[in-house]
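Down below is the structure, laid out as structure tokens.
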Amino acid sequence: MKLDKQTIAGLAEHLEAAELNVRDVTKITDDHPHMDWDDAYAIQDEIRRRKEARGQRSAGLKAGLTSFAKMKQMGVDTPVFGFVTDAMARPDGGEIRTSELIHPKVEAEICIVTKAPLRGPGCHAGDVLAATDFVLPAVEIIDSRYRDFKFDLKSVIADNTSAARFVAGSRMRAVDELDLRTLGVVLEKNGRIVAMAAGAAVLGHPLTAVAMLANHLGARGQHIPAGTFIMTGGVTEAIAVQAGDHVAARFQDLGTVSMRFV
Ligand code: OOG
Ligand code: MG
């Protein structure tokens, strides 16, 4: 760790204020070029603590920058991990208020819920398969607090990996009924196809992202508990949306997740 406790708390407050006031900020590594990975996750942990102190509950974990399309779009090469809370959840088919967001983008994600704890290091996709209760689809609405989505990995980790809203679908399937590599996803905006991919776009197999998350937590003395909802990361590049847009993500075997931006 390169930053002291007070600086970490100050940066968490700074980034949360940007979120709550719907105002973008410059990336924090501009002012703190020496901050390290532990500092970045410590800032994210402090943001989680602040949200929980205000009564929000953890609703799950997320992996991000796991697909080659997303890594290319954002110019990075390593996945990142974050969390979502109950306050970020929106119903399938519902409305998302853009006045609460800076510059939202949508991404289609294959998600799981675990039925057994997952502990790294040494966790692999097979362990994740054995610990998966069911698979479900979701759309994540990301909203980087950084101006023009311009960030580096440490800055985006501190900013809870741009987490803002998410909409989970209601069709769940057993993992052994699906081939998550060939599972197709079509993302539509206003009835037009804007992106498409198969599950293999996420690190070759979406459950690899969960194994990486378990290994990441294991290195920090934490684990993924049973019953955890986990988003494995956008399968395609993220698509910008604005008020008036209708988005539908059509997942092979998992149904459609839709929402309207108002
Ligand atoms: C970071 C969040 C990435 C995903 O699914 O790839 C993410 C960003 O692109 O702003 O959630
Ligand atoms: Mg995402």
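Whatever order the structure lists ligands and atoms in, that order sets their numbers, starting from 1. Heavy-atom basis, side chains included; hydrogens, waters and symmetry copies ignored.
The part of E107 lying near ligand 1 is the side chain, judged by heavy-atom distances below 4.0 Å. Only the side chain of S162 comes within 4.0 Å of ligand 1, counting heavy atoms alone; its backbone N, CA, C and O stay farther away.
There is a side-chain donor-acceptor pair under 3.5 Å between D152 and T29. A donor-acceptor contact under 3.5 angstrom links the side chains of K62 and T161, judged on distance only.
Distances between N or O atoms of S144 and those of ligand 1 include no value under 3.5 Å. Not one N or O of M74 is nearer than 3.5 Å to an N or O of ligand 1, by distance alone.
Protein heavy atom closest to atom 6 (O) of ligand 1, with residue, atom name and distance, is L65 N, 2.7 Å. Given atom 9 (O) of ligand 1, the protein heavy atom at minimum distance is K70 NZ, 2.7 Å.
Using a 4.0 Å heavy-atom cutoff, Q73 is absent from the residues neighbouring ligand 1.
Applying the side-chain contact (heavy atoms from CB on, under 4.5 Å) test between D39 and each of H32, M1, H34 identifies M1 as the sole match.
Distances below 4.0 Å separate heavy atoms of T161 from the following atoms of ligand 1: 1 (C), 2 (C).
For a distance threshold of 2.8 Å, the protein N, O or S atoms nearer than that to the Mg ion (ligand 2), listed by chain and number, are E107 OE2, E109 OE2, E140 OE1.
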